[in-house]
A.B. asks: 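Here's a structure for you.
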Amino acid sequence: MNRLAAFLVTLSRQLFWVIAFGLILAALYVSLGRQLVPVIAEYRAEVQEKAQAALGMPIALGRLEGRWEGFAPRLLAHDVLLGEGDSAMRLDRIAIVPDLAASLWARAWRLSRLEFSGVQLSVAEDAEGKWRVEGLPARTAQKPPEPQKILESLQRVRGLAVRNSQITLEPFGEPPLTLSYTDLGLLVDGVRLRLDGRSILPDGQPLALSIEGRVQPQRWQHAEAQVYLSLPQSDWAAWLPRRLTADWHLQTLKMGGELWATWREKALERAVLRINAPQLITSFADREPVQLEDLGGEAYIDRNEQGYRLLLDRLAFDLEGERWGDARIQVQQDQTQQHWQLQADRLGIAPIATLVRALAPLPPAAAETLTALQPNGTLRNLQLDYRPQMESPQRLQFAANLDRISFAAHNWIPAVGNASGSIRGDMGGGELRLDSDDFSLQLAPLYPEPWRYRHAGGRLTWALDEQAFTLAAPYLRIDGEEGKIAGDFLIRLARDPAAEDYMDLRVGLSEGDARFTEKYLPTRSPALSPALVSWLKEAIRSGTVEQGYFQYQGALSKGASDSARSLSLYFKVRDAELAFQPGWPVLQQGRGEVLIEDSGVRVRLAE
């Protein structure tokens, strides 16, 4: 026990003397440094000559200063001029802090920190689209340094910084963008690098950037990086090059946001973008501008074995005083199958149609059709499948649930109101299944007013080929005030203007009210004379339609001959009130049949 105590006392005394000796050496080291380092100012000419030989270019040092900070010297060169003539680069200050311990260990110079202040650079684009850096000192023609050599050189510097500098971006033919008070700091720890940047935009708003990476000089192509970018709430419209937006003209883009991204294996692996745009005013070509307010949302991008997946979440904006959103849209790529898929949980049609009409590069005919249709309502569970390598109409396929979809009539496209159900199809055709309340339908070329019903169900198909567009309803079942209605129709519109358009329409009525007979008179059809229409309106006053039908077959062109179309109406009525002719007694409680054909009108009374 006594021996152990004696050993501990001896060890503590030796450690005390070692620590004391180390402190004395450190104090002597710091004292000598503080005394000797300031003397370097007297060797400005020698340092300038050595720097010229090392860099291979003229260098002028206005003033040289040496300081001692902590346990390392700090060398400052003020008013530095690199190069000569118009291509010379002027710096306010260069600060160098050597890493003495690492230099002794490696037996070569290592720097703890290298700092440049007052750098002014311009990144300019020429007419050929090539970018060059202006403001660097001109050197003799030589090959650009290889990335591997640059990274190996950075291994000798633990910290590289640019302070209080200015960077100007000059796209060809565009106003320049100047980033002032720019600070950049690079920390190097073996294969780990961290770059932090901060700058001020022309409107005084701060821009921040941070990059953390892992890179081996010999395998720099396989570098990994994590990026963070903070965008302030600024008007970016004046700073974006016009060629980036092509025919789209940005008048106002007040936007801010944040970006997180991960780069790995030569590709973007993951990214998250959060934006908030209080105001966006843009237009396409010579169209009227459209204004979006309070635009916000989040975007997520990730990569898997099949390809990329993009998710837009909480996407919303205000358009013409109405709020659209919050939408959730996903785009999935499958590189192996050459397949793109878009899915959306809920999309309001009217705002999208407004944006497409104002901003999409549509041909005049398509823009006119979209303007006339004025679609509105909601699409739910939308799914689009796009296969760019496929040549058939299945290249683009779609499916969705409809929630109170409405659109106006255009040419022979019928007007529809509050259509609910499901739809699916491709570029060559499709199918619509209806199950709607408060449904309305109008064939504007034949009927001046829409048909309104309490409920409608049925199936509608369409097909588009090189010859014509065909719209058909194999079965429709409708319940309205006038009774129960079932029908079917087929409309064929030829692509060739000289070809004849055709329609086959049949509507059947049961348990109906004769007062609504006028509703189904195609008063706009050339096949129905105005005199007959007037008689039917005045003659049929009331009654119960046990069964009836309306049928139209033939050409749709107004210039077609009477023989090119056929129209017929049939009603089997009871308890009818019929005023056959003015001045004649009114028929009451009648039961019989009314048949209207191309040849005339026939009324058969059973009692």
Side-chain angles (χ1 to χ4, degrees), residues 306-310 312 327-350 352-353 355-357 360-363 365-370 372-373 375-407 410-416 419-436 441 457-476 488-496 499 501-504:
Q306 287 76 31
Y308 281 100
R309 181 179 70 96
L310 169 64
L312 301 178
R328 183 181 179 91
I329 303 173
Q330 176 178 290
V331 179
Q332 179 75 49
Q333 178 194 25
D334 189 343
Q335 294 178 334
T336 58
Q337 302 294 330
Q338 293 293 312
H339 176 211
W340 289 85
Q341 185 180 80
L342 181 145
Q343 294 176 318
D345 60 345
R346 182 182 68 256
L347 292 179
I349 294 180
I352 296 178
L355 294 179
V356 170
R357 187 169 60 249
L362 298 176
E368 179 184 354
T369 300
L370 184 60
L373 291 177
N376 62 79
T378 304
L379 291 177
R380 299 184 184 275
N381 303 321
L382 172 65
Q383 179 172 316
L384 295 177
D385 293 277
Y386 178 61
R387 295 173 173 82
Q389 303 300 324
M390 188 176 292
E391 299 296 334
S392 65
Q394 288 75 31
R395 182 179 187 181
L396 176 64
Q397 296 177 311
F398 57 88
N401 293 334
L402 310 182
D403 185 4
R404 303 183 72 83
I405 301 295
S406 301
F407 50 86
H410 179 63
N411 294 331
W412 280 95
I413 299 176
V416 174
S420 299
S422 64
I423 186 173
R424 65 174 58 250
D426 53 40
M427 298 174 63
E431 179 186 67
L432 169 64
R433 294 182 178 269
L434 283 176
D435 186 8
S436 308
L441 178 68
R459 177 170 167 262
L460 185 145
T461 64
W462 68 93
L464 178 65
D465 54 30
E466 297 180 356
Q467 286 76 35
F469 171 73
T470 303
L471 180 66
Y475 177 75
L476 289 174
D488 63 86
F489 67 83
L490 183 145
I491 300 175
R492 183 175 176 84
L493 306 177
R495 287 177 176 266
D496 186 359
D501 298 333
Y502 173 83
M503 183 177 76
D504 186 351

A.B. asks: For the residue pair P414 and L471, establish whether any side-chain heavy-atom pair is separated by less than 4.5 Å.
C.D. replies: yes

A.B. asks: Show the numbers, then the answer: is there a side-chain contact (heavy atoms from CB on, under 4.5 Å) between Q467 and R492?
C.D. replies: CA-CA 10 Å; Q467 286 76 35; R492 183 175 176 84; 4.0 Å; yes

A.B. asks: Which residues satisfy the side chain to side chain contact (heavy atoms under 4.5 Å, CB included) test with Q335, sequence neighbours excluded?
C.D. replies: Q333

A.B. asks: After noting the C-alpha distance and the side-chain angles of Y386 and L342, does the key distance pass the side-chain contact (heavy atoms from CB on, under 4.5 Å) rule?
C.D. replies: CA-CA 8 Å; Y386 178 61; L342 181 145; over 6 Å; no

A.B. asks: Starting at CG of L441, measure out to CZ of F489 and round the result to the nearest 0.5 Å.
C.D. replies: 6.5 Å

A.B. asks: Is the shortest side-chain heavy-atom distance between D488 and Y475 below 4.5 Å?
C.D. replies: no

A.B. asks: Are E431 and R459 within salt-bridge range, i.e. N to O under 4.0 Å?
C.D. replies: yes

A.B. asks: How about R387: does its CZ atom have over 12 heavy atoms from other parts shown lying under 6.0 Å from it?
C.D. replies: yes

A.B. asks: Side chains of Q383 and N381: any donor to acceptor distance under 3.5 Å?
C.D. replies: no

A.B. asks: Please list every donor-acceptor pair under 3.5 Å in which a side-chain atom of residues 419-426 meets a protein atom from a residue at least two apart or in another chain.
C.D. replies:
residue, atom, partner, partner atom, Å
S420, OG, R404, N, 3.0
D426, OD1, G428, N, 2.7
D426, OD1, G429, N, 3.0
D426, OD2, Q394, NE2, 3.3

A.B. asks: Between atom OH of Y502 and atom CG of L493, what is the distance when rounded to the nearest 0.5 Å?
C.D. replies: 13.0 Å

A.B. asks: Measuring from atom CZ of R433 to atom OG1 of T461, what distance do you get when rounded to the nearest 0.5 angstrom?
C.D. replies: 10.5 Å

A.B. asks: What are the two closest heavy atoms between R495 and L464, and how far apart are they?
C.D. replies: NH2-CD1, 3.4 Å

A.B. asks: Just verifying a value: how many Å separate T369 OG1 and H410 NE2, rounded to the nearest 0.5 Å?
C.D. replies: 3.5 Å

A.B. asks: Before giving the answer on side-chain contact (heavy atoms from CB on, under 4.5 Å), spell out for E368 and L362 the whole-Å C-alpha distance, their side-chain angles and the decisive distance to 0.1 Å.
C.D. replies: CA-CA 9 Å; E368 179 184 354; L362 298 176; over 6 Å; no

A.B. asks: Checking L384 against F398 for the side-chain contact (heavy atoms from CB on, under 4.5 Å) test, could you report, in this order, the C-alpha distance in whole Å, the side-chain angles of both residues, the deciding distance, and whether it holds?
C.D. replies: CA-CA 4 Å; L384 295 177; F398 57 88; 3.2 Å; yes

A.B. asks: I'd like to check L402 versus L379 (side-chain heavy atoms, cut-off strictly below 4.5 Å). Are they in contact?
C.D. replies: yes

A.B. asks: Nearest 0.5 angstrom please: I352 CD1 to L347 CG, how far?
C.D. replies: 4.5 Å

A.B. asks: Roughly how far, to the nearest 0.5 Å, is the OG1 atom of T378 from the CD1 atom of I405?
C.D. replies: 6.0 Å

